[in-house]
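Heavy-atom basis, side chains included; hydrogens, waters and symmetry copies ignored. Here is the naming used below: chain letters follow the sequence lines, and residue numbers restart at 1 for every chain.
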Amino acid sequence: MDYDYLIKLLCVGDSGVGKTSFLYKYTDGVFHTQFISTVGIDFREKTVIYQQNGRQHRIHLQLWDTAGQERFRSLTTAFYRDAMGFLLLFDLTNEASFLEVRNWIEQLKTHSLSDDPDIVLCGHKCDLQEKRLVNPNRAREFAKNYNLPYLETSAKTGQNIDRAIEILLDKVMFRMETSVEYAMLCATGRRRQSLQKLQAKQDRKFCSC
Amino acid sequence: MSLQKSLKSVSGEQDTTSICSSVTTQPDRHGFFGGAQYSPEPKRTVSPSTILKREQKWLRMLNNWEAFMSKNYKKVRERCRKGIPASVRPKAWLYLCGGQLLLEKHPNEYEELLQAPGDPKCMEDIRKDLHRQFPYHEMFIREEGHGQQELFSVLKAYSVLNPKVGYFQAQAPVAAFLLMHMPSVQAFWCLVSISDKYLSGYYNPGLEVLQRDGDILHALLRRTAPAVHRHLVKHRVEPVLYATEWFLCALTRTLPWDSLLRVWDCFLCEGVKVLFKASLVVLAGALGPAKVRKRANGLCETLEVLRHPPDSVLGEEYLMYHMQRLNLTEEDFEFEHQRQTARRRAMANRSGS
């Protein structure tokens, strides 16, 4: 367990939008053409180096994969509380999955720890240009209204897969930087100790005034 | 956690070898060209003469089915526990689960259900899952091939028959598994029986029955393997995280094929408690050794162990032997069932008030 932070991210979106493929591509660099549907909850892991203010942090990512069908939500929403950030996927070749995004955002707001959770919206399967049904401008406009970063991704070509996670990680790390309390949720080992000291110092400051 | 999926994840390399080695050759004796379920070496645990004898016994039993089931159920159970010979298995399963009775009672219903348009949302959900069941099996390997078409029909017919459940994603592997053994009309009536009787409530919206059964499993584990139970509690490994797929898919995605067939022989005879027993044996086998628990000192590490239980634990002989030695009575199951049901009800009342 040699890392500074353990960060849990959760991948959500309608059934069949490509959540499992997305995460596989990110952690293993492989795109499988043959897959089985996710029943329940699964996870993938990856350790990355993150640069922040000239400092290097080793971050262990726990990426939770969830089944998309609505009936699973009674199981999966319980895990939203533990997640620091969310990858919200829809399928660019499936209009209905895009229309459901609004609903997913509501779900995340209701069940996650924060009222304003960190989310990155991904229009997935962008390699299938000839089957595309969701116009890029429409998706971008939508994301802008909700103030979400939006990327078009493909597990097949790998386009923007790493980028999407990086952007989400930036958001999570930014939040940590501004809140020691929040950072404590993820920090491990020595990083945790130094944060504890920092927190104690802050507390003292409050006491004196 | 699914073995099929996770085995692929061990390393990309391992995955390619398992596919490549099989793509050029014949499928294994169960029809798999690769993936986690591919099992090349032929099984020789029972001698041909014993198999022949068993086949004859089973044929006699199937010809007097009602009589055997009503007067000599213990005999049927004993023979199921020994393993049903492959040649009579499809018919035996159809009789055991009551699919045959349903089929006789409603001879034309399957065809009629297929004529109905079906709920569009259900139909779309089913279509999305057709190519995602046992993709390495000869029946389902081809996109829109025969197997996938039959799978669509069976799932569609069920969703029309029981609109309250409609289509639930966990039904697809169960239906596909049945289709590997029997014609679609028989597979359909078996699926009806399994969904509505054996796993009654598992597929209903809310998934409360599943969550309750997860708690029951956890409580039973406390009796059968206290150290493993303590470990799971310590690292907050909830049943929902590892047993969801085990239960919802009736272990079809979890066990190696030979073990799965044996467990299903018992499951269709004795009911859902067989899934509990198999799960308890896997849990105790995988996390039983203290050194394994010591190494798996976290949530994900523990889940990882449960994703890949050792082959020895999943082997059919080990599994069947230890399932029968679990020392859990009917009353133990009943007791935990009552207790967890009451507990959940109390919890619901508290949060409701």
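Of the two parts of A:Phe72, the backbone and the side chain both hold a non-hydrogen atom closer than 4.5 Å to a non-hydrogen atom of chain B. B:Cys300 touches chain A through backbone and side chain together, each having a heavy atom under 4.5 Å away. Of the atoms belonging to B:Ile141, heavy atoms from both backbone and side chain fall under 4.5 Å from chain A. There is no contact between B:Leu130 and chain A, counting heavy-atom distances below 4.5 Å. Interface residue B:Glu124: only side-chain heavy atoms are found under 4.5 Å from chain A. Contact annotation for B:Gln211: only side-chain heavy atoms (C-beta onward) come within less than 4.5 Å of a heavy atom of chain A. With a 4.5 angstrom heavy-atom cutoff, A:Glu70 does not touch chain B via any of its atoms. Contact of B:Leu207 with chain A is made through backbone and side chain together, with heavy-atom distances under 4.5 Å. Contacts of A:Gln69 with chain B are made by both backbone and side-chain atoms, with heavy-atom separations under 4.5 Å.
Across A:Ser37 and B:Asp129, no two heavy atoms sit closer than the pair CB-OD1, 3.9 Å. Annotation for A:Ile36 and B:Pro135: closest pair CG2-CD, 3.6 Å, computed over non-hydrogen atoms. The two residues B:Gly206 and A:Ser74 make their nearest non-hydrogen contact at O-OG, 3.0 Å.
In the displayed structure, B:Lys234 atom NZ is contacted under 6.0 Å by at most 12 heavy atoms of other residues, nucleotides or ligands. Atom CD of B:Gln149 has more than 12 heavy atoms from other residues, nucleotides or ligands within 6.0 Å. Summarising the local packing, OH of A:Tyr146 is surrounded by more than 12 heavy atoms from other residues, nucleotides or ligands at distances under 6.0 Å. The number of heavy-atom neighbours closer than 6.0 Å to NZ of A:Lys171, taken from other residues, nucleotides and ligands shown, is above 12. The number of heavy atoms from other shown groups lying within 6.0 Å of CG (A:Asp115) does not exceed 12. The number of heavy atoms from other shown groups lying within 6.0 Å of CD (B:Glu208) does not exceed 12.
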> Should B:Tyr242 and A:Ile41 be marked as a side chain to side chain contact (heavy atoms under 4.5 Å, CB included) after you check the CA-CA gap, both sets of side-chain angles, and the distance that decides it?
Replying inline: CA-CA 8 Å; B:Tyr242 60 85; A:Ile41 301 163; over 6 Å; no
> side chain to side chain contact (heavy atoms under 4.5 Å, CB included) between B:Arg307 and A:Asp42: does it pass, once the steps are laid out?
Replying inline: CA-CA 10 Å; B:Arg307 252 184 192 176; A:Asp42 206 347; 2.7 Å; yes
>> Does B:Leu299 form a side chain to side chain contact (heavy atoms under 4.5 Å, CB included) with A:Phe43? I'd like the steps, not just the answer.
In response: CA-CA 11 Å; B:Leu299 170 67; A:Phe43 72 97; over 6 Å; no
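Atom CZ of A:Phe79 sits about 5.0 Å away from atom CD of B:Glu238, to the nearest 0.5 Å. To the nearest 0.5 Å, atoms CD (A:Gln34) and CD (B:Glu143) are separated by 9.0 Å.
When each of A:Asp14, A:Asn94, A:Thr27 is checked for heavy-atom pairs under 4.5 Å with chain B, A:Asn94 comes out on top.
Within the 4.5 Å cutoff, the side chain of B:Gln169 has no heavy atoms near those of the A:Thr38 side chain.
If you check the side chains of A:Thr20 and B:Arg132, you find no donor sitting under 3.5 Å from an acceptor.
A cation-pi arrangement is not found for A:Arg71 relative to B:Tyr167, the charged atom failing to lie both closer than 6.0 Å to the ring centre and inside a 45° cone about the ring normal.
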